[in-house]
Amino acid sequence: MTSVEIKSESKKIEDMDKEWEPKVLAFLCNWCSYAGADLAGIGRIQYPPNIRVIRVPCSGRVNPFFLIKSLQCGIDGILVSGCHPGECHYVSGNLVARRRFAVLKSLMEYIGIEPGRLNFSWVSAAEGEKFSRVVSEVVKEVKALGPVKRLVKGE
Amino acid sequence: MGVKGKESTIVDPKIAASTPVSSRIGAVLVVGGGVGGVQAALDLAESGFKVYIVDSTSSIGGVMAQLDKTFPTNDCSMCILSPKLVECGRHLNIEILTCSEIEGITGKAGDFKVTVKQRPKYIDVEKCTGCSECAKYCPVDAIDVFNEGLSERAAVYVKYPQAVPLAYMIDRDVCIGCGLCESMCLADAIHYDDQEGERELNVGAIILAPGLEEFDASIKSEYGYGKFRNVITSIEFERILSASGPFRGRVQRPSDGEIPRRIAFIQCVGSRDTTCGNSYCSSVCCMYATKEAVIAKEHQKDVEPTIFYIDMRSYGKDFDKYIERAKEEYGVRFIRCRVSSVSEDPETKNLRIRYENEEGKIVEEEFDLVVLSVGFESSEGIRELAYRLDIELDEYGFCKTPIFHPLETSKPGIFVCGAFSSPKDIPETVMQASGAAACAEGLLSPSRGTLIKSKEYPGERTIRGQPPRIGVFVCHCGINIGGVVDVPNVVEYARTLPHVVYSEANLYTCSSDTQKLIKEKIEEYDLNRVIVASCTPRTHEPLFQETIRESGLNRYLFEMANIRDQCSWVHMHEPEAATEKARDLVRMAVAKASKLEPLERLSLSVIPRGLVVGGGLAGMTSALALAEQGFQVYLVEKEKELGGFLRHIHYLLDGSETKKHLEDLIEKVQSNKMIEIFLEAKIEEISGYVGNFKTAIAIGEDREKREVEHGVVLVATGGEEYHPDQHLYGKDPRVLTQLELEERLSSKKFSGEPQNVVMIQCIGSRDDTHPYCSRMCCSEAVKNALKLKEVNPKSEVFILYRDIRTYGIAEKYYLKAREEGVTFIRYNDTNEPRVVEQTSDEGGKVLAITVFDPTLGEEILIEADFVVLSAGVVPPKANESLAKMLKVPLNEDGFFLEAHVKLRPVDFSTEGVFVCGMAHAPKSIEESISQARAAASRASTILARDAIEAEGVTADVNDRRCNGCGLCVLVCAYNAIEIDEEKKVAVVNTALCKGCGACTATCRPAAIDLRGFTNEQLVSVINSF
Amino acid sequence: MSEPRDQIREHARRLLDEGKVEVIIGYEKGSVPLQSTPCFVRDADNVERLIWDSTCGPNLAKYLFDREGKTGIVAKACDARSIVVGIVENQIEREDVVVIGVPCEGVIDLKKIDAVLDGKEILEASMDNDKVSVKGDGFEQILSKKEFLCDSCISCRHRNPPVYDILAGDELEETKESDEFEEISKLEAKSPEERWNHFSKELGKCIRCYACRNVCPLCYCKECFVDETMPSWCGKTTDLSDTMTYHIIRALHIAGRCVDCGACSRACPEDIDLRALTKKVEKIVRELYDYEPGLSLEELPVLGIFEQDDPQEFIK
């Protein structure tokens, strides 16, 4: 396999005279939050375009390392969203994840990562409105924090 | 698909009289596309039958699609239903006929011909992409029935956003014929000249799942529905609560849009009410009202809900705990009374409720909103359907079914499930749906697999060692994407990305001509990975995967970028930002796609035999249901004889005897050649997994060992009567349990002398050690009270109760008992009755019962010849060891805990293991039979296959890294991982793995990975920023 | 009762004589004053090599991982707790181990003594209950032992091994004198920026020698994440981002497992305040799930299980 790295040239776009816009990466579970995000679309509920979604089967799939790696790559804010407790398509993936994220978030904040960088939510397949609200909140908060500096590689 | 056709060995004589075994049609018609119909259809299609679903509305989903949350778990209704609808919609062997009604029927069981009338939709379902452009431009505002008239929709509409099929239709009653929609539709799907159509379906069996209608609340004029704007029905309130409802989940009242603080729920509107003819109980309203109260409180902290009820009928599994939580945690107020009237303050539009409280005082209270908990009833449409199919209805217009055959209508070959046969909740409906499917499968088993389609594919290309060659197809989706996102720009950008060798734009990437084109491009450019940037993978991934599979690529070499639902639709006013986002999404997809590898779906053989644990009613019924379908069964019973709990039940509420039914059933089981019975048998060990279990059984007194192999396990271990230690039970021979009383009454040991009998309810139920309701004791008490009255009308019978829970049609017998003079006295938790022995005036020793009568407001004393304790149902102790062996959970009360309380009521998370009868929770005879058949139906979806295809996305262990620490074993909800004690590494059983990835994310040395969502793939996406 | 040391020797002799174990892992006097080293005694005649005093710092549990055959081990509470974690995590067979538990009043941190001696070399040393006397070229000093205990010993809440087969010495009364999370709370009170600066400075010292990992009994992975490729989890450079990532992930990996034996801090050549991380994850797990690792063989790994009502205030 060739090892061509696929890299964004978006930094260039940012450098143009526009106001700085943060980039937020979201890990959404396939069954609830991703469906909720789709529902927001069906309802044409508008939210800030700063978010990029990675679809995962379950919030339980999200390795804490992914979030650390995202910060290293200069992602300004991260959102992980799964099914509400009791609604997990895989019975309890979200509940295992909840402990994992609780520890991760506390530790990261303790080290000095701004609380607004790492965000977690439960969004069900019927909560298109909530999804858009969560995204808006996260984007607003990350915007207020400014571009990510801490933990970014090469900063 | 690999479904076997099997010879049936036993034939029901009733059915044998109809159609010869050889010519039965291997297709089934399901009438009604609600959750019941959908479940029945999926079970049937999965076990080798062609299915037609006929629904009178424009899409399937039924009432459940309208619900916000479901009790007692507060699960989002749509979240759990939608995957089933989608599965139904794309199943190769399920055909959905919407806007359709049954016109007529000829033929008999095994071979029916059914005429179906299809109303025109004026939109071609095949062509419509569900893009919604038409509705956006439609100038008409019509009432949205799905939102119970609380909002408006266009004349061209889809029932609800997640509807299956997701195709629009035109409501010609309101359409003004302006032609705007036709000009907006780039898919050419609109046909104004669509005509009514007719179809003739040839099916072997019919399952009726039409549901019931809700009661028309305006009939109860004293509550002011239709007059006062702030009096609404519970289903209207359900839509108000729904996040996708008319107010997007904001709790508000109709008159002024204000948030109502004081909300009253009035129970039993159109239920338990002889004045409107509905003397039955609608079974679900107590729970749904409590749920709505809780959810309203969750949405709006300062809401103060009050529920006005007669008896709290929270009889189901874990229901009482839910009520307790509503009281304790949410502060929901419960007031026991009948509301006499509702009046409106003309100025504030607030409502005054007048009721008589328990002390007999008339009270008035003001509320901002009143929700009427409307019951179910039969409708004109349902009567019409019954008439056309020539099936009998009961006095209430419900489908008439015999107690021992709860899924059979009066006409052979036509089965029933769900609320149509009596009001019931979702899990009961789902159980019955699977059960009815089992009935149809039993009837048609010789024709299994004769009418189903399966698809042939070309061989898969090997791509090992080849560098990625990616093709990117970007969809305009008419103007849905192209109107916002600069599609050509995205196409150009895609071309610049590494490994991308081809990219192009399509008007509709999902159209059938584009599928052809994708295949051509795969050929032409030697593509080995394909990306489609369009809508959501949740609906469209299977279609495109199918396309690339047809051209010889493994279906997992596909990736989607969602640039519509999650981009153009939600950033409509920011085209530049949307374009930049679409570029990013495509780049992320390319990053992942370049790391994709072909995945294999492992094929696992199935041993076509079942093991049934427990030889009671449920066990025997499920064993027979499997045998009817041609599967061999091992039936294990711990006692020396079959029969279980039912041996102690001698007669039923309607007075009919059970003995003959039980004897018949035992006879049938014993004489069935497909069933091997092990009596006095104990299961010692179970190993293996779905399709391939091995069980060691010790049989008889001398513990003779036997090892059997089977593909599924059905748990039917039943329940036991609680052994009371209170109220002098065991100390005084005049204190009996209901079962002991029943024994005496049936063996005529009760003299004809008039007796004073006091029955005490909830013994070993709803107490600290048994916090659940045993569900059947109220009906048992009413049944035995009626029997006592029958033996001697002069007998005095008192029933001391907390709530009378004669739900459904059993309510009729409660009323009868009252009419016949049985005295019902309510007691509460703080004032339990006391039983003592004392000397009577005549000098004899009598039993004296003291109880506080809330209506009199004082303690009363009753002297009794007998005290009868309504002892609850407790789970057998042996459940614990069986649960361990099967690796399935028990709930806090010791009953088996199903995979999902609503939609998977007989399954476990562990595949191939099912539960039925009182092993699951206390239940009635009808319910046990329905569930037993349901378990058989679910089991047959496995047994009917030569092999099961495992998921492609599964976990995979790298032995070199694995420490064998067992953390993955712990987090796996499916028991799919074990530690190989020899090698000290984790081993994934691909047959059981569902591909959630909880193990992967938890593994410290990254020794376990998830195929299809590997660490490398996901990190590659992150690294692309 | 005789001294714990004598009891250890007695038990070791008996276990070896009776063939109950093949080897006893304990401590012997090191070549440098005030230092002890792990020793493996296979012959009953050699049990006199075994010692027990305040220099017995190393976490011997490390040697049980990957070990086969019957083994006796001298275990302080923190060693015993590491053993418990090892058993729960399938790395140590319970029946293969005979734990000779020793109640422990804390071990001394040589770095602290070195610090007050300003680099002067200790040539001779002796100890009694609460004093340490050190002699060297032209100096002699008597130090209060209490002041030179390891940080993890100062705040120790478990002086008695929670699981053992044989107990050498008498159980001690557990103390809760100091706030074990005092240092953590101080850091928590700072602003995110101050904390970031603190950790940048501390972790910036890291030379990626992995001594912390190598000495930790719970770092038993066959392949450590830092060495893995496809994907590569963590760059091997001393770029602050990579170093931080290494320490963050290591902290996450020991969350709910670390028993605060202090081995990593003692091993760090750069004297990085590693307990600021390990003690923090301990605190998080304690506060959220009321859990302390290594206290019971019945408990399941705290991050592998869940409760329906686990805290979730951080979730929107």
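Throughout, a chain's letter reflects where its sequence line sits, starting with A, and its residues are numbered from 1.
The two residues Phe306(C) and Ser92(A) have their closest heavy-atom pair at CZ-CB, 3.3 Å. Residue Tyr289(C) comes nearest to Val103(A) through the heavy atom pair CE1-CG2, 4.4 Å, listed as atom of the first residue, atom of the second, then distance.
Between atom NZ of residue Lys280(C) and atom OG of residue Ser106(A) there is a gap of 5.5 Å, rounded to the nearest 0.5 Å. Put simply, CD1 on Ile315(C) and CZ on Arg98(A) are 6.0 Å apart, with the number rounded to the nearest 0.5 Å. Between atom CG of residue Leu151(A) and atom CG of residue Leu240(C) there is a gap of 7.5 Å, rounded to the nearest 0.5 Å.
The contact between Gln308(C) and chain A is made by backbone and side chain atoms together, counting heavy-atom distances below 4.5 Å. Only the backbone of Asp309(C) comes within contact range of chain A, judged by heavy atoms closer than 4.5 Å. Proximity to chain A (any heavy atom under 4.5 Å) is shown, for Ile305(C), by both the backbone and the side chain. Using a 4.5 Å cut-off between heavy atoms, Thr243(C) does not touch chain A at all. Neither the backbone nor the side chain of Pro231(C) comes within contact range of chain A; no heavy atoms are under 4.5 Å apart. Proximity to chain C is limited to the side chain of Ile68(A), based on heavy atoms less than 4.5 angstrom apart. With a 4.5 angstrom heavy-atom cutoff, Glu313(C) does not touch chain A via any of its atoms. Contact of Ile284(C) with chain A is made through the side chain alone, with heavy-atom distances under 4.5 Å. The part of Leu288(C) that comes within reach of chain A is its side chain, from C-beta onward, which places non-hydrogen atoms under 4.5 angstrom from that chain. Using a 4.5 Å cut-off between heavy atoms, Val80(A) makes no contact with chain C at all.
Between Phe314(C) and Phe120(A), the angle of the ring planes goes over 60°, which puts this pair in the perpendicular group of the 30/60° scheme.
Considering only heavy atoms from C-beta on, Glu109(A) stays 4.5 Å or farther from Glu188(C) through its side chain. Counting only heavy atoms from C-beta outward, the side chains of Arg100(A) and Leu303(C) never approach each other to under 4.5 Å.
For the ring-ring contact (aromatic ring centres under 6.0 Å, His included) test, no residue two or more places apart in sequence or in another chain qualifies with Phe148(C).
Here Leu107(A) is the residue among Ile113(A), Leu107(A), Val138(A) with the most heavy-atom pairs under 4.5 Å with chain C.
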Exercise for review: Begin with the C-alpha distance, continue with both residues' side-chain angles, and end with the deciding distance and a verdict on salt bridge (charged side-chain N to carboxylate O under 4.0 Å, His left out) for Asp310(C) and Arg99(A).
Suggested key: CA-CA 8 Å; Asp310(C) 276 336; Arg99(A) 286 201 167 185; 2.8 Å; yes
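Applying the salt bridge (charged side-chain N to carboxylate O under 4.0 Å, His left out) test to every pair with at least one member in residues 253-268 of chain C, sequence neighbours left out, gives these pairs: Glu89(C)-Arg257(C), Asp260(C)-Arg275(C), Asp260(C)-Lys279(C).
Although no hydrogens or angles enter the test, the distance criterion places a donor-acceptor pair under 3.5 Å between the side chain of Tyr110(A) and the main chain of Ala276(C).
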